[in-house]
Structures are given as C-alpha cells and as structure tokens.
Amino acid sequence: MKKILITGGAGFIGSHVVRLFVQKYPEYQIYNLDKLTYAGNLENLTDIENSPNYTFVKGDITDAEFLAQLFAETSFDGVIHLAAESHVDRSISDPMSFVMTNVVGTVNLLNAAKSSWAPSGFAGKRFYHVSTDEVYGSLHNPDEFFTETTPYDPKSPYSASKAASDHFVRAYQNTYGLPTVVSNCSNNYGPNHFPEKLIPLMIHNIRNNKPLPVYGKGENVRDWLYVIDHARAIDVIFHNGQTGDTYNIGGFNEWKNIDLVNLLCSIMDRKLGRPEGTSAQLITYVTDRAGHDLRYAIDSTKLKTELGWEPSLQFAEGLEKTVDWFLQNQSWLDNVTSGNYQKYYQDMYANR
Ligand code: NAD
Ligand code: DAU
C-alpha cells in the first residue's frame, strides 16, 4: 500500500490527477490536501469522494506546523505538489499571496517531506513538483521552443514565484539528497477549468451574451494541452521519471488568442444554434495585461523519447469535448460564478 499526498487536488488540474490516481491505483491510498481557496472546489471530485482509497484533508501549505503534524500522523511514500496560486492577473494585483503559497508553501512542504523521510533514508520516496512553462519567460523568435535546458527568465509575479519554487525543489535534491522530480507544462484546458482563465471565461461569456475581453491585440500565443493529457504525463513521470530530472510537457499546439477566441465563437454558434458569426460580435479588445508574455511553446520531445508519453487528443476534439462539458454542466459553472460552491464545502469543512 503506497500513501501518496497530492496537494491542490480540489483545483482544476489537481482534481484530474486525483481522479486518475484513485481510479487507476486502487492499491494506493490517495490523500488530497487542499486549503479550498476560491480555486478549490470539491464538486470537481464528487464522483470519487466516497472511494475507499481516497481521503480529503483540508489544510494550508503555508502552515509549517500543520504540515509537520500531517507527515507525523501519516507516513507518505510520495508527494505530488500542485497547490498554488495560479492566475497571472491575480499575481499582478496581489504578488504576496503568490510568494506565500508558491514559495513559502513549497519550502514548507519540502521541509516536512525531508524531516519525515530522512531518518529512515529516502529509498522509495519521491517528491514531484508540478510547475509551468512560464518560468522560461517569453519567446519572440517563431523557431524557438522551451526545452528543459532553456534558462529561467520569469516575467510575471506568478512565474517568478513558480521559478523560485522550482529552484528550491532542485536545491533540496542537490543539498539534502531529497528525491525530487519537476515538470513544466504548457497551458491546460478542459473540464473544471476555473472561469477566470481564457477558455472557460470565453465559453461562459458567449453562452451569456457577455463581452469577450481580448487583451491587447489578441496576438499573444499559448500552447494548449488537454488537462487529462497533463494528468497522464504526471502519472508517467511520477512512476518512471529519473530522480533529479526535469520534463517539459506540451502538445505542440500553439494558438494566437484571437484565433482561439474566434474558433470558440464558431463552435458555440453551432452548438447553441446561433447563426455563424453571432458570438464573434461579442469580441471586445481591452487594455493589455501588464508585462504580457508574447509566446509560450513547449518542446516535449524528451518526455516522448524517454518515457513514451504523447497527447491522446487532437485540439479540435479536446475543444469540442470541453465546450460540451461546460454546456452539459451549467450548474457547475453557475455554482462557481455565484460563489455557491464555496459556501457549501467551506461550511462542511469549517471545523476540520
Ligand atoms: P488552480 O488554481 O485551479 O488550483 C490550485 C489549488 O491549490 C486549489 O484547489 C486551491 O484551493 C489550492 N491551494 C491554493 N493555495 C493553497 C494553500 N496555501 N494550501 C493548500 N492548497 C492551496 O490551479 P491549476 O490550474 O489546477 O494548477 C495546478 C498546478 O499546476 C499549479 O502549481 C500551477 O502552477 C501548475 N500549472 C498550471 C497550468 C495551467 O494551465 N492551469 C499549466 C502548467 C502548470
Ligand atoms: O503556461 C501555463 C500557464 O497557463 C499556467 O502556469 C497558469 O497557471 C495558467 O493560468 C495559464 O497562464 P496564462 O496567463 O497563459 O492563462 P490565461 O488563461 O490567464 O490567459 C491565456 C491568454 O489569454 C493570455 O495571453 C492572456 C489572454 N487573456 C486572458 C484572459 C483571462 C485574454 O486575452 N483575456 C482574458 O480575459
């Protein structure tokens, strides 16, 4: 029986990772540690919440004492660390929350794992840190891709906090021998994506005939990967990745924001029975994001050649599935946009 701690498992990507591990590995005990910030939603996990190999723990990774107690009570074999503040726009208005959760929280978790594991040695243990391609900065030459050896050049408070956390993880491997592995992934999309992010925000606003805010001229490029393919990559890297190594995850799927928004408008027109071109009239160019990175593009060749991972879905199929999921789960979106999801679960866990 392996005991795996997954942090941030009530969030967008974390919930898909938790589901995959709970369903695929009944012999593992999966612990989902999450603070349930505005981005944490246990409604993402209702289908597996009663599984015998799943335990939810409400807690804050910035609380070192709480983590020490948790690791003393439960002897974890592995950690998959996803808990973070994840939205770039929020990092511009409130950088300190990103320092606290992404940097201090990660170091607290490293300390808790090190203290718990060191006395009996690190054999069989693994600390997996989930990071982002944004740590590499912004590409301007169309032939360039981010590889595992691209120098770090973070440009937003969010990416600076993730870069700092990546450095701490590697420093703990180098200094204390903590067995770590890091992955850096491109933009995810799919079911349960929080509607402050581009794709779900656009789907929500198209459905409700609200303006579609495109930053600047809409020329920034992002490299999109279906969230379940990210979860599959995490599974492969957690089990087969080399200790101390880094893996880039991406699907070679670059889109200019404005082209992506137009594509979403067209898919939604078809699905909502609106005349083609109706939703595109909602596009509204707004003030650009401060310090907006121009282009991200991941080279995931290493992950494919060394560990055999490839995306399972083409973008057209993934986007159709995503739009269908949001249209079929309007109550999820309504609960999130109204704030109801927080009231229900926060009351439920208030005293735990
Ligand atoms: P998210 O914002 O949807 O979820 C984050 C989760 O972490 C939430 O459930 C939240 O409640 C929890 N959390 C936040 N602060 C916490 C704290 N102090 N203690 C415990 N839990 C806390 O994020 P996401 O988009 O699912 O991203 C997950 C991870 O993957 C992050 O580390 C992010 O940097 C990374 N990542 C995201 C993307 C993407 O496109 N979304 C791409 C690459 C990497
Ligand atoms: O690259 C991985 C990163 O992708 C993750 O590490 C982050 O956690 C995740 O939030 C995401 O960051 P981005 O800033 O790329 O994602 P976001 O959805 O916020 O924006 C995508 C692009 O769309 C970006 O160029 C900004 C633009 N945008 C975004 C919003 C919310 C708009 O034009 N209008 C909007 O309303």
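For ligands, and for the atoms within them, numbers begin at 1 and follow the listed sequence.
Among protein heavy atoms, the minimum distance from atom 16 (O) of ligand 2 is reached at Asn187 ND2, 3.5 Å. Closest protein heavy atom to atom 1 (O) of ligand 2: Asp133 OD1, 2.5 Å. Nearest protein heavy-atom contact of atom 12 (O) of ligand 2 is Glu134 OE2, 2.8 Å.
Of the heavy atoms in Lys162, only side-chain atoms (C-beta onward) come closer than 4.0 Å to ligand 1. If you look at Asp34 next to ligand 1, the close heavy atoms, those under 4.0 Å, come from the backbone and the side chain alike. By the criterion of a heavy-atom distance under 4.0 Å, the backbone of Leu36, and not its side chain, is placed next to ligand 1. Contacts between Leu198 and ligand 2, counted as non-hydrogen atom pairs separated by less than 4.0 Å, involve both the backbone and the side chain. Counting heavy atoms closer than 4.0 Å to ligand 1, residue Phe66 contributes nothing at all.
For the pair Glu254/Arg295, a side-chain contact is recorded, criterion being any heavy-atom separation below 4.5 Å from C-beta on.
Side chain of Asn44 to main chain of Asn192: no donor-acceptor pair is present (N/O by atom type, distance under 3.5 Å, no hydrogens or angles).
Between the choices Ala84, Ser86, Gly8, the shortest heavy-atom distance to atom 5 (C) of ligand 1 belongs to Ala84. By heavy-atom distance, the residue among Tyr158, Tyr189, Trp255, Phe146 lying nearest atom 5 (C) of ligand 2 is Tyr158. For the residues Arg289, Lys197, His292, the heavy atom positioned nearest atom 19 (O) of ligand 2 is part of Arg289. Heavy-atom proximity to atom 36 (O) of ligand 2, evaluated over Leu201, Ile298, Asn184, is greatest for Leu201.
Taking 4.0 Å as the cut-off, Ser15 does not count as a neighbour of ligand 1 on heavy-atom distance. Under a 4.0 angstrom heavy-atom cut-off, Tyr158 registers as being in contact with ligand 1. Ligand 1 does not have Thr7 within reach: every non-hydrogen atom of the residue lies 4.0 Å or more from it.
A ring-centre distance under 6.0 Å is found for Tyr189 and Phe315. A centroid separation of 6.0 Å or more is found between the aromatic rings of His193 and Phe326.
Backbone and side-chain nitrogen or oxygen atoms of Ser86 are examined, and one is located within less than 3.5 angstrom of a nitrogen or oxygen of ligand 2.
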